[in-house]
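Since the structure comes first, as structure tokens, the remarks are kept for the end.
For the numbers below, each heavy atom of this structure counts, side chains included, while hydrogens, waters and symmetry mates do not.
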Amino acid sequence: MSSDRAKLLSSALKRLTKRPTTIMEVCGTHTVSIFRQGLRSLFPEDLKLISGPGCPVCVTPQGEIDGAVELATRKNVVMATYGDMMRVPGSNGTLGELRGSGSDVRVVLSAMETLRMAEEMPHKEIVFLAVGFETTAPATAALMIEARKRKLENLSVLCLHKRVPPALEVLSKADGNRVDGFLLPGHVAVILGHEPFKFIPEKHGIACTVAGFEADEIMLALVDLLEQIGENRPSLTSRYEKAVRPEGNVKAVDLMDRVFDTSTSAWRGIGPIDASGMSIKEEYSLWDGSRKFDVAVRNVPEPKGCRCGEILSGTITPKECPLFGTGCTPVNPIGPCMVSSEGTCSAWYRYGRKGDLKWES
């Protein structure tokens, strides 16, 4: 974004912000992009951005983390997962610590890597710990379809995937909701398209815009939101046309529909949400790690003093957590928001701890 364009869009935001306005950036990647690019320095004082439940690692509740950690300790199990999960603290340590003590826990860049592992280690049980929203779930579904096709019964999935729209429904109708608009997650919209988000303006009267991740895409999306709010005409618009088709990615959605049913799932800080989870269909039960190993998911309280749950629901900012930057740091994280690269606390610590970065063209 050129300096002239930044000034133009910044002026538009200041002109359109006629009262204190709160926008939730749902996606953790937006949170990081806004900080890293210094966009906050272009916002008017009355425009406040808060982070939402858009980091899949962060919203995974403590009980699910504990279940995964316990499974990784079992004899003959090789657990594979994405890198961010390695440092998330469970009640009894992290997956990374387990690896250090001898458990076979491996980082993969792609779910499909576990196919090769299952074929090369037929006497081991390979478990893929699957986290993420609609963005990563199609890859997990494709893995299970291929595992079934190859009859790889020593490969299974511990499925912790979650669906974003039901969580936004809960936030939209929450008592004391203070969100004037949602900056919708571009990655999820690439898969789902527009339709699953239309209920937000139509049912709850809250402005929505799908946003990309470049500076001008985010700024234009905010201009859209402020125009909707100022004119009291909540709707659903998109400033990520280069990647998001209105109908979404039909093939990816079909993959998810073939393998997953919707189910109730617990979200850290929010609690159980109807239809927000993805459970593995009966016909794929042989590859369902939760059933195969009878993984217990208990209701476990947050670590003492940790306020990740309130941060994820936009109730407080990281700086309002008494552990932020003192007891909880990226080197010694207490909660998941400080662990993940897309975590709100991690972004605030890296970019906002000493004041907002300034925009530089």
Side-chain angles (χ1 to χ4, degrees), residues 24-32 50-69 81-91 94-95 129-137 140 158-172 174 177 179 182-189 191-192 196-197 260 262-279 290 297-303 306-318 321 328 333-348:
M24 174 177 281
E25 76 258 8
V26 177
C27 178
T29 309
H30 279 143
T31 301
V32 174
I50 59 175
S51 301
C55 168
V57 172
C58 301
V59 299
T60 304
Q62 191 82 4
E64 290 184 348
I65 299 291
D66 286 354
V69 169
T81 190
Y82 299 124
D84 274 356
M85 288 302 293
M86 297 295 285
R87 296 181 61 238
V88 178
S91 301
T94 67
L95 290 173
L129 175 56
V131 297
F133 303 125
E134 291 89 343
T135 46
T136 54
T140 304
L158 185 59
C159 182
L160 305 183
H161 285 304
K162 300 188 190 303
R163 301 174 63 241
V164 170
L168 296 184
E169 166 87 48
V170 169
L171 293 178
S172 296
N177 171 35
V179 175
F182 286 112
L183 200 63
L184 292 176
H187 294 323
V188 174
I191 303 299
L192 298 182
F197 298 105
F260 301 122
T262 58
S263 58
T264 299
S265 182
W267 293 54
R268 190 183 291 253
I270 301 176
I273 301 176
D274 289 344
S276 71
M278 299 186 201
S279 58
S290 181
V297 176
R298 299 181 177 85
N299 186 16
V300 180
E302 302 281 333
C306 177
R307 299 183 70 180
C308 279
E310 293 164 89
I311 292 166
L312 291 167
S313 59
T315 307
I316 65 169
T317 65
C321 175
C328 184
I334 304 297
C337 292
M338 191 60 90
V339 176
S340 169
S341 59
E342 294 187 351
T344 304
C345 294
S346 173
W348 278 67

Heavy-atom nearest pair, Cys321 first then Ile316, reads N-CD1, 4.3 Å
Any residue meeting side-chain hydrogen bond (donor to acceptor under 3.5 Å, both in side chains) with Glu134, in chain and number order, not counting sequence neighbours:
none
Give a yes or no answer on whether the side chain of Thr136 reaches the backbone of Val131 with a donor-acceptor pair at less than 3.5 Å.
yes
Spatial distance of atom CZ (Arg268) from atom NZ (Lys162) [nearest 0.5 Å]
10.0 Å
Heavy atoms of Pro333 and Met338 approach each other most closely as CB-CB, 4.0 Å
Between CD1 on residue Ile65 and OG1 on residue Thr94, distance to nearest 0.5 Å
10.5 Å
Flag side-chain contact, heavy atom, 4.5 Å: Leu192 against Val164:
no
Between the OG atom in Ser290 and the CD atom in Glu64, the distance rounded to the nearest 0.5 Å is 9.5 Å
Please round to the nearest 0.5 Å and tell me the distance separating atom CD of Glu310 and atom OG1 of Thr317.
11.0 Å
Closest heavy-atom pair, Phe260 versus Ala137, reported as atoms and distance to 0.1 Å, is CE1-O, 3.7 Å
Considering residues at least two apart in sequence or located in another chain, which fulfil the side-chain hydrogen bond (donor to acceptor under 3.5 Å, both in side chains) criterion with Thr262?
none
Separation of Met278 CE from His161 NE2 (nearest 0.5 Å):
6.5 Å
Would you call Cys58 and Cys308 a side-chain contact if the rule is heavy atoms closer than 4.5 Å?
no
Is there side-chain contact between Leu312 and Cys337, with heavy atoms separated by less than 4.5 Å?
yes
With sequence neighbours left out, write down each residue that passes ring pair (Phe, Tyr, Trp, His ring centres under 6.0 Å) with Phe133, or none if nothing qualifies.
Trp267
Hey, is the main chain of Leu129 close enough, under 3.5 Å, to the side chain of Thr81 for a donor-acceptor pair?
yes
For Pro89 against Val339, the heavy-atom pair lying closest together:
CD-CG2, 3.9 Å
CG on Asp66 to OG1 on Thr60, rounded to 0.5 Å:
12.0 Å
Is the shortest side-chain heavy-atom distance between Thr140 and Cys159 below 4.5 Å?
no
Please report the shortest heavy-atom distance between Val57 and Met85, naming the atom on each side.
CG2-SD, 3.9 Å
